[in-house]
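Data block below; observations after.
In the text below, chain A, chain B and the rest are named by the order of the sequence lines, each starting its count at 1. Small disclaimer: the values here were computed from a predicted structure and weren't measured.
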Protein chains: 2
Amino acid sequence: MTVAGAEPTQDAAIRRNSGVSLWRQISDRIRRLETDGQLDPDGRLPPEFRLAEQFGVNRHTVRSAISHLVQEGVLRTEQGRGTFFRSRPRLAYPIGRRTRFSAGLEGQASTLQMVLVESATIRADERVAVGLNIEVAATVIWLRTIGLADGEPVSTAESWFPADRLPGIADAFRRTGSVTAALSLLGIDDYTRRATTLTATHASDDDLARLKLAPGAIVLVAVGVNVDPDGRPIQYSETRFSADRIELTIESA
Amino acid sequence: MTVAGAEPTQDAAIRRNSGVSLWRQISDRIRRLETDGQLDPDGRLPPEFRLAEQFGVNRHTVRSAISHLVQEGVLRTEQGRGTFFRSRPRLAYPIGRRTRFSAGLEGQASTLQMVLVESATIRADERVAVGLNIEVAATVIWLRTIGLADGEPVSTAESWFPADRLPGIADAFRRTGSVTAALSLLGIDDYTRRATTLTATHASDDDLARLKLAPGAIVLVAVGVNVDPDGRPIQYSETRFSADRIELTIESA
DNA sequence: CCCACTTGTATAGTGATATAGACAACTATA
DNA sequence: TATAGTTGTCTATATCACTATACAAGTGGG
């Protein structure tokens, strides 16, 4: 018999036929174990049969929950040894006057890569026009890129470049895989970041797909303008980082 | 192509194979319509076929979501007319010096009822001992009751009575269906509420079952002590109200 | 090497979830 | 009294979610 009072938010039990599948409920509970710190120092999960009896379900149901978390990159299994949390220390992405993807993350991952997913020539909406200091509806080149560290997506960005000044930016990027190199090809050897605004939000469906995130994940959104040495805007961009994998560091120099 | 910026928290689309069944996602969305105020003044839902195409699912799936909400008492369907939100104005439960279930709700529901679910003779823990001003581990009589208005559960309470003074309280309650009447049987013709503390919390699993609530519902928790005319505590109680169905009014007289 | 412990795979059965189409039953209104 | 618009019921099919049982395969330690 329970005679407890206003009890502390006790973990709700697994609920059957609630419209939420058991594997999903268990998966959510396991994911929370990591942050709750009720874990061995080696990040090892209890064996499947034990989790199964703990949650009162079949071992296969636990396996289903685990395999989804493996898919998401939260867990890693080793046959014969156990299941472990992937300890993925966040990459530190410096934001400052010289914000560059590869240079910023250098040394923190063995391979860094920027891929162009999509590009188009479009007309500037007001936001972009203000950022680039051009007329609304002026022609701009739009790129969508994804940044990969060790082959895993960590950021996705949209960039807008003034078309009159940098008509070949998409091709140059495609050839070089880098904004810095592409701009260099087009005669701009240096550029600096003028302003950056940071926000955080829940991942959109697009984010989930592009960054391979789990529903409910958080993304950091950095909106900024790069300018050439003369101070003329050459790139307006919105970059969305997986908050699980990246932390932003502000260089206040 | 989307060129929108940091978009306002857009309603996530219905997600398939997410571990959350479609009917559950739709059911949650419909439930939110009421509070979001995007509803006809008559509280009528769009027809099923329209909801189905809106959510991109089969009509039967919408029907499943709706039937769950009907089960919960959120919706009401009328064949040939439509589906409507049940407007259930909250009952006003007065809390003050003379807090009594039936008298307090009189006139707000056609039938009022208090049923004893469970009782036991146990030892007072510290909380109860302090409330009743007795020794820790002294014998007390514990009752769990449920309050029904129009046959629907609106509150569930645990009460503790000092066993030495009121040994027959459980039987008396069982016979009369009222604390007031039970106490009267045992020679206590009047009592008053000395103190009440109010909190709110998410419904526990017990609450969900006993009050027939939907997961995530809120309960109001009132903890109080009743004393006899001489000021001696005779009842310590914790009452949990469904916040959907009850509002508490404080009499400050 | 053997043994205990772990994850991985296979097979089979049951109930919940979702789709599809057709038609019945009821309501309001022209 | 038709008719359009609505909810209710029925049948059929497919897939997902969960259980049950058994055994294979890898790991680590006595």
* **side-chain contact (heavy atoms from CB on, under 4.5 Å) assessment of B:Val140 paired with B:Ile122** => CA-CA 6 Å; B:Val140 293; B:Ile122 60 172; 3.7 Å; yes
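Residues passing the side-chain contact (heavy atoms from CB on, under 4.5 Å) test with B:Ser237, sequence neighbours excluded: B:Ser159, B:Arg193, B:Gln235, B:Thr239. Scanning for side-chain contact (heavy atoms from CB on, under 4.5 Å) contacts around B:Arg76 gives B:Glu78, B:Phe84, B:Arg86, with sequence neighbours left out. With sequence neighbours left out, B:Phe173 forms a ring-ring contact (aromatic ring centres under 6.0 Å, His included) with no residue at all. Under the rule for a ring-ring contact (aromatic ring centres under 6.0 Å, His included), the partners of A:Tyr236 that lie at least two apart in sequence or sit in another chain are A:Trp160. Residues passing the side-chain contact (heavy atoms from CB on, under 4.5 Å) test with A:Ala209: none are found, sequence neighbours excluded. Remark: A:Ser21 pairs with A:Trp23 by the side-chain hydrogen bond (donor to acceptor under 3.5 Å, both in side chains) rule, at least two apart or across chains. In this structure A:Asp150 satisfies the salt bridge (charged side-chain N to carboxylate O under 4.0 Å, His left out) test with no other residue, sequence neighbours excluded. Listed by chain and number, the residues in a side-chain contact (heavy atoms from CB on, under 4.5 Å) with A:Glu106 amount to none (sequence neighbours excluded). Looking at residues two or more places apart in sequence or on another chain, you find a side-chain hydrogen bond (donor to acceptor under 3.5 Å, both in side chains) between A:Arg59 and A:Glu48.
In the region residues 63-71 of chain A, proximity to DNA chain C at under 4.0 angstrom, judged on heavy atoms, holds for A:Arg63.
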* To do: Going 5' to 3' through nucleotides 11-16 of chain C, assign each nucleotide B (protein heavy atom under 4.0 Å from a base atom), S (under 4.0 Å only from sugar-phosphate atoms) or - (no protein heavy atom that close).
  => -----S
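Look at CZ on A:Arg15: it is 15 Å from P on D:dC18, rounded to the nearest Å. Distance A:Gln25 CD to D:dC18 C1': 13 Å, rounded to the nearest Å. In this structure, B:Ile26 places its CD1 atom 8 Å from P of C:dT19, rounding to the nearest Å. Nucleotide D:dG8 holds its P atom 11 Å from the CG atom of B:Leu75, rounded to whole Å. C:dT6 atom C1' lies 8 Å from atom CZ of A:Arg44, rounded to whole Å. In this structure, the CZ atom of A:Arg24 is 17 Å from the C1' atom of D:dC18, given to the nearest Å. Atom CZ of B:Arg59 is separated from atom P of C:dC23 by 14 Å (rounded to the nearest Å).
Residue B:Asn58 places no side-chain N or O under 4.0 Å from the OP1 or OP2 atom of C:dA18. Considering only side-chain N and O atoms, B:Thr61 lies nowhere under 4.0 angstrom from the phosphate OP1 or OP2 of C:dT17. A close approach under 4.0 Å does not occur between any side-chain nitrogen or oxygen of B:Ser21 and OP1 or OP2 of D:dC16.
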Please write out each protein N/O paired with an N/O of nucleotides 26-30 of chain D under 3.5 Å, distance rounded to 0.1 Å.
| from | atom 1 | to | atom 2 | distance (Å) |
| --- | --- | --- | --- | --- |
| D:dG26 | N2 | A:Gly80 | O | 3.2 |
| D:dG28 | OP1 | A:Arg81 | NH1 | 3.4 |

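Closest approach to the A:Pro47 side chain among D:dG8, C:dT7, C:dT19 is made by C:dT7 (side chain taken as heavy atoms from C-beta onward). In the set C:dT7, C:dA20, D:dG8, D:dG8 carries the atom at the smallest distance from any side-chain atom of B:Glu48. Residue B:Arg16 has its side chain nearest to C:dA18 when only C:dA18, D:dT7, C:dG8 are considered.
Map A:Val20 and A:Phe49 each onto its nearest nucleotide of DNA chain C; the residue landing nearer the 5' end is A:Phe49.
The OG atom of A:Ser67 sits 10.0 Å away from the CG atom of A:Leu75 when rounded to the nearest 0.5 Å. Note that the CE atom of B:Met114 and the CG atom of B:Leu116 stand 9.5 Å from one another [nearest 0.5 Å].
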